[in-house]
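Read the structure below first, then the notes.
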Amino acid sequence: MEQKIALIGFGTVGQGLVEILENKKSDLISNYGYNYSIVAISDIRFGTVYDPEGLDVTQLLAEISDTGSFQHNLTDWDALTLIKNCNADVVCELAFTDLETGEPAISHCMAAFESRKHIVTSNKGPAALAYKKMKDLADKYNVMFMIEGTVMSGTPVLNLTSGPLAGCRISSAKGILNGTTNYILSEMENGMEYKDALKKAQELGYAEADPTGDVEGYDARAKVTILANVVMGVPCLLNEVTCEGISAITAGDIQNARENNSRWKLIGNVEYIDGNLTASVKPEMIALTHPLAGIMGPTNAATFSTDLLGDITIVGAGAGKIETGFSILSDLLEIHRLS
Ligand code: HSE
């Protein structure tokens, strides 16, 4: 059966998802029996479109490229009305991230659950600020809250622990969870000044337009909060994660680490010891022998300590149009498998 999809937000991630879906359409059908139609899109810049029979996404992409807005299939519905009234099975919440309020994404998720639609999202707001509320509501309405893309984009971190590592007790998760800061620290090792490395990270599209969330650790803190709730299964609030960024690291600190066979990394850490959870984001001097020390540039990585397998480290992309688009696809396929 065809999976009907609504996209709330049609920026980089939404367009990345559409590119993958279109390019892989025949493989998805033949390999996984997965077929889809995109029935609704709402975007703050382009407008809102709906066709219960399926939209022509290629035409819509041409319209926004030519005119900056959608021209056909327009509806007056706002995003919430669209979510409630459209015939989608799954709502992909890909609107902007707000780590202060979680809005409008939290309201979008609630409207989807209450109208018995699954949510797939890479937006960190709902998961970092209201994971339990979102999960409980999804469970109440017997739908899924799928958030693989919130941590390390499409690199399968959350699905790794709930899938292949199921049965292991995970006592800690420690990772490089922000690409911008890892890129800056890597470039500083090559002799670049902090402010120049940050500027280059912005030019290359790793850093947010306002990079404060990256360099002060707030982006990584949201991801640590999600790891605590999802991987460790411990309720954890964003403000319970202590947070320090990299803006105070100097060229002298970098040199000092080098002389001690170490390297500075912005480390997100969550540990569950004797019933107590500790969660933090802070710069740490990591010995060069540690698996996380070799992770350079914008790449992310996470090490999970397990009782049955010891330490497992996964390394991969933490951001990007196709990489995050893939995270949405993997959750859509999982919903298809389980439906
Ligand atoms: N700005 C983030 C990073 C993007 O640098 O990792 C992914 O959340």
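When a ligand or atom number is given, it counts from 1 through the structure's own listing order. Predicted, not measured: the structure shown is a model, and the values here were computed from it.
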Review item, side-chain donor-acceptor pairs of residues 272-300, under 3.5 Å, at least two apart:
from: Glu284; atom 1: OE1; to: Lys174; atom 2: NZ; distance (Å): 3.3
from: His290; atom 1: ND1; to: Leu292; atom 2: N; distance (Å): 2.9
from: Asn300; atom 1: ND2; to: Pro298; atom 2: O; distance (Å): 3.3

Show me, pair by pair, the donor-acceptor contacts under 3.5 angstrom made by side chains of residues 131-144, not counting sequence neighbours?
from: Lys132; atom 1: NZ; to: Asp136; atom 2: OD2; distance (Å): 2.6
from: Lys135; atom 1: NZ; to: Asp139; atom 2: OD1; distance (Å): 2.9
from: Lys135; atom 1: NZ; to: Asp139; atom 2: OD2; distance (Å): 3.2

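Ring-plane geometry between Phe70 and Phe46 is classed as perpendicular, the angle between the planes exceeding 60 degrees on a 0 to 90 degree scale with a lower cut at 30.
Here side chain to side chain donor-acceptor pair (under 3.5 Å) pairs that include residues 225-244, with residues two or more places apart or in two chains, number zero.
Each of Lys124, Asn178, Gly179, Thr180, Tyr206, Glu208, Asp214, Asp219, Lys223, Gly318, Ala319 has a non-hydrogen atom positioned under 4.0 Å from some atom of ligand 1.
With values rounded to the nearest 0.5 angstrom, Thr303 atom OG1 is found 9.5 Å from Ile312 atom CD1.
In this structure the side chain of Leu238 reaches within 4.5 angstrom of the side chain of Arg221, judged on heavy atoms.
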